[in-house]
Amino acid sequence: MSNGKNSSGKAGGGAGKAASAGRDFIRAIIDEHNRTGRYDGRVHTRFPPEPNGYLHIGHAKSICLNFGIAAEYGGLCNLRFDDTNPSKEEVEYVESIKEDVRWLGFDWEDREYYASDYFEQLYGYAVELVKMGKAYVCDLSSDEVREQRGTLTEPGRESPYRNRSIEENLDLFERMRAGEFRTGARTLRAKIDMTSPNINMRDPVTCRIMHSSHHRTGDQWCIYPMYDFAHCCSDSIERITHSICTLEFEDHRPLYDWYLEELGIFHSQQIEFARLNLTYTVLSKRKLLLLVEGGYVSGWDDPLMPTISGLRRRGYTPESIRDFCNRIGVAKNDTRVSIDLLAHCLREDLNKQAPRVMAVLRPLKVVIDNYPDDAIEDMEAVNNPEDPSMGTRMLPFSREIYIERDDFREDPPKKFFRLAPGREVRLKHAYFITCIDVVKDTKTGEVTELRCTYDHETRSGDAPDGRKVKGTLHWVSAKHSITATVRLYDHLFAKENPDDVGKGEDFKDFLNPNALEELKGCRLEPGLARAGSVDRFQFLRHGYFCVDSRDSTEGAPVFNRIVPLRDSWAKIEKKQRS
RNA sequence: UGGGGCGUCGUCAAGUGGCAAGACACAGGACUUUGGAUCCUGGAUCGGAGGUUCGAAUCCUCCCGCCCCAACCA
C-alpha cells in the first residue's frame, strides 16, 4: 500500500488526461500508484455484480467508474459475476446484467468471469489456510456463533473448535466438500482474533455448507465461499489492480488484505467510494425486489423504476446516464443527488437530437369558421430548430383542429399568453387565429369547442403588418391526426428521501399515488404512426417521449413521457396562487 | 460506551497553508414562430470553539452531528 509521503507532485506513469490532478480521490490514488510503480503502471478494474437482481442507476455509477477509469488509463475492466450464494442468484439476472452493461455502452470483450469458475481454486486456497493453521472447521451453529461473537463493545469468545489439529481440520473440510454434513452443520472459519474491535476479524466464516444447486455449477458443490474470501481471491486471480467498491466494505478491507497476505498471492488494492442515492426513489436491490414482488410496479423494467431496464424503457439514453454519472463525481460523502440532474442530462442530450412533433394530449376542438370547408393545406414545419440539417416535414392543416385544453382560458389570469375569448394567438407553423366564440355543454358547462377565425395573411406564422402575438400553440388537424395513449410519469416516491422511515413506517408508504397518469385519446400528428421503438421525440411544449417498448401495438400506440420540458408558465402560475 | 468513515452554497463537488472552481437548482434580465433552447447577471468564509502562522477550508486540540459494522448476504 502506498502512503503518500512524497515530494514532487507530477503524476507520471499512466496515461494522458487521467494524470491531471484533482479529479477525484480514486484517480489520485491510481496516479500515485503509477508514480511509484506499484502495479508497473498497469490499471485493471472489474465490475462485480451479484446476479440477484436487476442493475439500477447506482450500479451505473460503478460501471462508469470502473470501465471509465480502465479506458482512461489504457487498462482493462472485467465483468465478474459474484455468484457465491446460489440461494439468491439466477440466470435471468446474469442475462439482464449483461444486457444493461452493454446497453450503457461498455464492452468487457472476452473477460466475462464468474466467481463460481474459481470454486476449485478457492477450495485450494482454503486448504492452504487450514494447512497453515490459519483456518479451522467449526461445528457451532449460526446462533451459537452469533452469541459468541461478542458485541460492538464486548470482545467475542473463542470457539471450542478453534484449536483442532490441522489433520482433523483437513479431514473435516474434505468431508464438508464431500457432502457428509447437512446444510449449516459446520463452517470453515479464518483463525484471526476474537477480540478484534473490528467484528469482521472475529474469526469470520470462510466457507459454509449449502446443499442447494447453483445456476452455473449445478450440484457440483455443497460448500460455497463467503464474499470476503471469494472476492479478494477473485480479484487476485484476475490480477485486478484496483478493486473499487462502496463504503460499507471499508470495514472489510482489513479482512480483504488478511486473506491475500496470508495466502501470499497478488494483492489488489481495495478502494471504497460512496454509493449513489437519488431523491424521490430508492436504490437498493432489496427494496426494488420488494416493489416488484409486491406488485407495486409492473416489473423490473417499469418505467418508474430506477433500474437500467426501467430507465431504458422510460426512454432515457445511455449517453445521458453516462453524462450524469460523470457529473455527480466520486467521493466518500454520504449524499443524495437530486434527480433533477438526471432529468437535466436527458434534456440536454435530447434537445440536440430529438425531432420536434406536435401532440395534443388533452384535445379541445377548434373550428375555424372562415376557413374553407374542404380545404387541406400542407404546412412546412422545422424538425429541430437546434439542428437545421434535420430538415422539415409537411403537416396537414384543415378547418377543424385540436389544441391543448390548457391553452385556452375563458377567464385568463395575468400573464396568460394563450387563447381566450377575443384573443389572437399563433398556431405554430400555420396561421394566427382569434377566438370568437366558446361552445359549452349546456348541462355541465364544460367547454366543448371553440369557434375561431384565421387571418389568411399570416400563413406560416408571420403577420405582414408586423403585428405581434404573445402565444404560440401547437395543434393537429382533427381529421388527419392519429389517436394514441400517452403515459405521464412523475417520481416513484412522493417523499424526497423514502429511506427515511420513522417507527411504524415503511418505505412503501411513501410511494407516489400519482406517479403514473395515463391519457387516452391523445391526438398526434400523422407521421407518428410510423414511430419506432428506438425513436425519441420532443412533443412540442410538453417534453420528450418515446414509444413504450412493451405495451405499444401497431394500431394503438403508447407513448411514455421520458421527462417534461421545463415549464416556466407553471412556475408563474404557482407563484400567482400563493 | 468499541471500530471504521464523513462533515465546503438548497443539492452534488473542486480545493492539500496565500485572497472559496464548476454543475444542477433558484432569482433577475435579454432573446425567442416551443412561456423550450440559448445568452447575460446574482448569491457560500468552508459543522462549532480554541490554537499555530504574516496568512488556514486546508496544520494542531477539544467538541458537535451524520453514516456503516454484531448474515453460515453481497
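Residue numbers begin at 1 in each chain, while the letters A, B, ... track the order of the sequences.
- In this structure, A:Asn326 CG and A:Leu65 CG are separated by 9.0 Å, a value rounded to the nearest 0.5 Å.
- Between B:rC69 and B:rG36, the two P atoms lie 45 Å apart (nearest whole Å).
- At B:rC26, none of the side-chain N or O atoms of A:Lys574 fall inside 4.0 Å of OP1 or OP2 (strictly under the cut-off).
- Distance from the side chain of A:Lys575 is smallest to B:rG28 among B:rA23, B:rA70, B:rG28.
- Across all strands, A:Leu473 comes closer than 4.0 Å to no nucleic acid atom at all (heavy-atom distances).
- The side-chain contact (heavy atoms from CB on, under 4.5 Å) test with A:Asp24 singles out one residue from A:Ile30, A:Val330, A:Ile29, and that residue is A:Val330.
- Nucleic acid contact class of A:Ile328 (heavy atoms, under 4.0 Å, all strands): sugar-phosphate only.
- Nucleotide B:rA30: paired with B:rU38 (Watson-Crick or G-U wobble, both distances less than 3.5 Å).
- Under 4.0 angstrom from either OP1 or OP2 of B:rC26 there lies at least one side-chain N or O belonging to A:Arg566.
- Distance, A:Glu250 CD to B:rC68 C1': 9 Å, rounded to whole Å.
- For B:rC73, neither phosphate oxygen OP1 nor OP2 lies less than 4.0 angstrom from any side-chain nitrogen or oxygen of A:Lys285.
- Distances shorter than 4.0 Å separate none of the side-chain N or O atoms of A:Thr183 from OP1 or OP2 on B:rC72.
- In this structure, A:His474 has its ring center under 6.0 Å from that of A:His542.
- Counting distance only, with no hydrogens placed and no angle test, the side-chain atoms of A:Glu386 and the base atoms of B:rG36 include a donor-acceptor pair under 3.5 Å.
- Between A:His474 and B:rU34, a side-chain N or O to OP1/OP2 separation shorter than 4.0 Å is absent.
- With B:rA13, B:rA74, B:rC72 as the choices, the nucleotide that has an atom nearest any side-chain atom of A:Asp82 turns out to be B:rA74.
- With a cut-off of 3.5 Å on both pairing distances, B:rC72 has no Watson-Crick or G-U wobble partner at all.
- Within the nucleic acid shown, A:Thr335 comes within 4.0 Å of sugar-phosphate atoms alone, with no base atom in reach, counting heavy atoms only.
- Ring centers of A:Phe249 and A:His231: at least 6.0 Å apart, outside the cut-off.
- Candidate nucleotides B:rA70, B:rC24, B:rG3 were compared by shortest atom distance to the side chain of A:Pro197, and B:rG3 ranks first.
- Across all strands shown, B:rC59 forms a Watson-Crick or G-U wobble pair with B:rG51, both key distances being under 3.5 Å.
- Regarding contacts with the backbone of B:rC12, every side-chain N or O of A:Arg327 stays at 4.0 angstrom or more from both OP1 and OP2.
- Residue A:Asn326 contributes atom CG, which lies 14 Å from atom P of B:rA13 at whole-angstrom precision.
- Between A:Phe81 and A:Tyr114, the ring planes lie parallel to each other; the angle is under 30°, not in the 30° to 60° tilted range.
- Of the nucleotides present, B:rC24 is the one that pairs with B:rG10 by Watson-Crick or G-U wobble criteria, both distances under 3.5 Å.
- For the pair A:Arg149 and B:rC72, the criterion of a side-chain N or O lying under 4.0 Å from OP1 or OP2 is met.
- Around NZ of A:Lys415, the count of heavy atoms belonging to other residues, nucleotides or ligands within 6.0 Å does not exceed 12.
- Across B:rG5, B:rG2, B:rG36, the shortest atom-to-atom separation from the side chain of A:Lys332 is found for B:rG5.
- With A:Ser243 as the fixed residue, the side-chain hydrogen bond (donor to acceptor under 3.5 Å, both in side chains) test singles out one of A:Gln270, A:Arg46, A:Gln269: A:Arg46.
- No hydrogens or angles were tested; on distance alone, a donor-acceptor pair under 3.5 Å links the side chain of A:Asp251 to the base of B:rG3.
- Taking only side-chain nitrogens and oxygens, A:Asn333 comes nearer than 4.0 Å to OP1 or OP2 of B:rA13.
- Checked against B:rA25, B:rC72, B:rC12, the side chain of A:His344 finds its nearest nucleotide in B:rA25.
- B:rA27 has its base anti relative to the sugar, with a glycosidic angle deviating from 0 by more than 90°.
- Remark: A:Arg208 is in phosphate contact with B:rC73, judged by side-chain N or O atoms under 4.0 Å from OP1 or OP2.
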